[in-house]
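Right, one structure below, let's go through it.
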Amino acid sequence: MTVVQSRITQQRTLPTPDGANPRAHAIGVPAFVTESGEHIPDLVITYQTWGRLSAAADNAILVEHALTGDAHVVGPAGPGQPTPGWWPGIIGPGAPLDTDTGFVVAVNAVGGCRGTTGPHSVAPDGRAWGSRFPRTTIRDQVNVEAIVADHLGIDRWQLVLGGSMGGMRAIEWVGSYPERTGAALVIASTPWATADQVAWGHTQLVAIESDPGWHGGDYYDSGDTPEAGLGLARRIAHTTYRSAAELNDRFGLAPQTAHRPVDGGQFAVQSYLDHQAAKLVRRFDAGSYVNLTRAMATHDVTRDRGDLADVLGRYDGLLRVVAVDSDRLFPPALSETMVAAYGREPLLTIASEHGHDGFLIEHDQIAAITADVVADTRPLGGTFR
Ligand SMILES: CC(=O)SCCNC(=O)CCNC(=O)[C@H](O)C(C)(C)COP(=O)(O)OP(=O)(O)OC[C@H]1O[C@@H](n2cnc3c(N)ncnc32)[C@H](O)[C@@H]1OP(=O)(O)O
Ligand SMILES: N[C@@H](CCO)C(=O)O
């Protein structure tokens with residue numbers, strides 16, 4: 001088993017990061033060592049929980065967020081929480097992740113901007129980490145989550161599930177901690193980054209890094225923000241998140257206003273992308289966007305572990321893989337590679353015209369798939385702590 005330096009150091013409970021949300025929690029870790037050997041002192045980890053852990057600690061489910069998501073899986077926006085939950089209805093009494101019987105946990109990724117330490121956080125010298133923040137990996141994100149599991153007394157998850165970058169973490173749990181992962185549900189994701197994904201990510205990184213407001217990643221104290229670069233990155237990314245068919249059907253060549261494109265006006269699809277960019281710039285940190293995009297680019301569940309058949313063939317938990325049929329960024333063929341290497345479950349498919357973002361939009365299909373895997377992995381029952 002991988003030995004994580006931080007798991008043997010003492011975690012301490014920190015004041016709740018958001019006083020208005022009783023589900024929000026934080027812990028502090030004196031030192032975290034990244035996969036590449038760099039140190040993050042005083043790592044803060046923020047997470048949310050729903051329901052109660054059973055006495056046997058066998059009903060814990062970990063929900064993994066995607067690139068710009070966070071641990072606020074369900075619930076309204078509020079103080080310290082700029083967005084409502086991104087999988088509405090998935091957690092609660094009687095929901096697919098049923099809080100009458102299950103204990104659900106979601107952790108903000110290291111390197112992100114929702115409370116867990118990232119480039120925007122204050123380093124020990126009192127300045128923002130900025131460009132000095134270590135490069136992190138999907139494996140680091142999972143190791144941080146293992147610290148939370150230790151803190152909560154969870155030896156083995158009933159289920160780890162997530163889509164996109166969240167799916168990367170779910171499959172990485174299988175690779176890093178197979179004995180602690182009872183089951184994994186990997187949605188719209190991949191066992192490794194592809195050159196195509198790295199290429200799309202690279203154009204986004206260049207967009208941000210070319211913005212004069214980026215200041216080499218040290219813009220936090222400069223009074224500038226690389227808004228234009230982050231907005232351009234989101235426009236590029238959002239196009240890959242949706243299918244060509246959806247964009248064509250939804251917008252066609254419609255002009256946004258009476259000012260026709262042929263006369264210099266905007267197409268509706270251009271306005272739509274501009275709106276998506278503006279929305280992200282209001283709620284996300286460019287340094288985190290860069291850190292997490294790099295983490296996704298280096299994702300490879302097989303790194304230093306042999307081939308995929310080695311990693312998944314020896315996994316004795318349940319692995320269920322789900323693809324979105326119109327996903328052009330994480331095409332179903334990548335999901336097929338995990339299914340083939342595991343060899344014990346068929347590929348499940350979400351039918352959607354929305355492309356990659358179908359994993360966030362097709363709520364009914366996600367709910368049905370999630371309810372099934374929870375039912376198939378449910379512990380026999382017992383008392384709550
Ligand atoms: C519900 C949330 O926002 S959760 C926020 C946290 N975010 C995450 O966790 C990341 C994952 N979530 C996402 O990426 C997104 O929320 C998604 C993919 C799930 C859904 O995307 P959405 O932007 O809600 O849907 P959609 O692509 O239909 O866009 C709708 C928006 O485009 C706007 N829009 C549509 N056409 C146009 C146009 N021609 N010009 C300008 N704006 C337009 C709509 O007015 C709407 O704006 P609003 O979101 O400000 O109300
Ligand atoms: N729309 C998703 C796509 C990434 O998978 C996000 O912003 O996180």
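Both counts, for ligands and for their atoms, begin at 1 and track the order of listing.
- For Y241, the heavy-atom gap to ligand 1 stays at 4.0 angstrom or more.
- Near G69, meaning under 4.0 Å from any of its heavy atoms, are these atoms of ligand 1: 8 (C), 9 (O).
- Using a distance-only test at 3.5 Å, with no hydrogens or angles considered, no donor-acceptor pair links the side chain of T181 to the main chain of A183.
- Atom 16 (O) of ligand 1 is not flagged as protein-proximal [any protein heavy atom, distance under 4.0 Å].
- For F251 and Y272, the distance between ring centers is under 6.0 angstrom.
- Between the N248 side chain and the A244 main chain, a donor and an acceptor come within less than 3.5 Å of each other.
- Residues M338 and V186 meet the side-chain proximity criterion, which asks for heavy atoms closer than 4.5 Å.
- In M165, neither the side chain nor the backbone holds a heavy atom less than 4.0 Å from any atom of ligand 2.
- The closest protein non-hydrogen atom to atom 27 (O) of ligand 1 is Y272 OH, 2.3 Å.
- Look at A66 and you'll find every heavy atom at least 4.0 Å from all atoms of ligand 1.
- In this structure, a donor-acceptor pair under 3.5 Å is absent between the side chains of E35 and N143.
- Distances between N or O atoms of A268 and those of ligand 1 include at least one value under 3.5 Å.
- Annotation for H202: atom NE2 does not count as buried by contact number, only 12 or fewer foreign heavy atoms lying within 6.0 Å.
- Regarding atom 19 (C) of ligand 1, its nearest protein heavy-atom neighbour is L360 CB, 3.6 Å.
- Residue R242 holds the heavy atom nearest to atom 20 (C) of ligand 1 of all those in R242, H65, R234.
- For the side chain to side chain donor-acceptor pair (under 3.5 Å) criterion with S176, the lone passing option out of R305, E145, R139 is R305.
- Looking at atom 6 (C) of ligand 2, its nearest protein heavy atom turns out to be T68 OG1, 3.3 Å.
- Selection from F284, F359, F251, W87 by nearest heavy atom to atom 36 (N) of ligand 1 gives F251.
- At the shortest separation from atom 5 (O) of ligand 2 among protein heavy atoms lies S164 OG, 2.6 Å.
- Summarising the geometry of I171 relative to V301, their closest heavy-atom pair is O-CG2, 3.4 Å, with the distance given to 0.1 Å.
- For ligand 2, the atoms closer than 4.0 angstrom to any heavy atom of A66 are 5 (O), 8 (O).
- Scanning the protein heavy atoms around atom 28 (O) of ligand 1, the nearest turns out to be R250 NH2, 2.6 Å.
- Shown here for I208 and W214, the closest heavy-atom pair between the two residues is O-CB, 3.4 Å.
- Looking at R320 and D376, a side-chain N of the basic residue comes within less than 4.0 Å of a carboxylate O on the acidic one, giving a salt bridge.
- Here the heavy atom of the protein found nearest to atom 22 (P) of ligand 1 is K279 NZ, 4.0 Å.
- At a 4.0 Å heavy-atom cut-off, ligand 2 touches L360 through the side chain alone.
- Looking only at distances, no side-chain donor or acceptor of T190 sits under 3.5 Å from a matching main-chain atom of A193.
- Heavy-atom proximity to atom 4 (C) of ligand 2, evaluated over Y241, F284, Y289, F330, is greatest for Y241.
- Across the listed options H354, R283, Q276, Q276 owns the non-hydrogen atom lying nearest to atom 23 (O) of ligand 1.
- Taking each of S271, S164, P255 in turn, the one with a heavy atom nearest to atom 41 (C) of ligand 1 proves to be S271.
- Atom 46 (C) of ligand 1 has its closest protein heavy atom at H275 NE2, 4.0 Å.
- A heavy-atom separation below 4.0 Å is found between F359 and ligand 2.
- Nearest protein heavy-atom neighbour of atom 4 (S) of ligand 1: P84 O, 3.7 Å.
- At most 12 heavy atoms of other shown residues, nucleotides or ligands fall within 6.0 angstrom of atom CG in D364.
- Ring to ring, H215 and Y220 are not that close: their centroids are 6.0 angstrom or more apart.
- Looking only at heavy atoms of the protein, atom 39 (N) of ligand 1 is closest to Q256 OE1, 2.9 Å.
- R314 is linked by a salt bridge (Lys or Arg N to Asp or Glu O under 4.0 Å) to nothing, counting only residues two or more places apart in sequence or in another chain.
- Looking at D357, I361, T68 and measuring to atom 18 (C) of ligand 1, the nearest heavy atom belongs to D357.
- Between R114 and the options D70, T68, D285, a side-chain contact (heavy atoms from CB on, under 4.5 Å) holds for only D70.
- Residues Q158 and V374 share a closest heavy-atom pair of NE2-O, 3.6 Å.
- For atom 2 (C) of ligand 2, the nearest non-hydrogen atom from the set L67, D70, D357, L329 comes from D357.
- Ligand 2 has at least one atom lying under 4.0 Å from a heavy atom of H356.
- Every N/O-N/O distance between T83 and ligand 1 stays at or above 3.5 Å.
- Per-atom contact check: atom 51 (O) of ligand 1 does not touch the protein, criterion being a heavy-atom distance below 4.0 Å.
- Only the side chain of R234 comes within 4.0 Å of ligand 2, counting heavy atoms alone; its backbone N, CA, C and O stay farther away.
- If you check the side chains of Y177 and D155, you find no donor sitting under 3.5 Å from an acceptor.
- Below 3.5 Å of separation, one finds no N or O of W86 facing any N or O of ligand 1.
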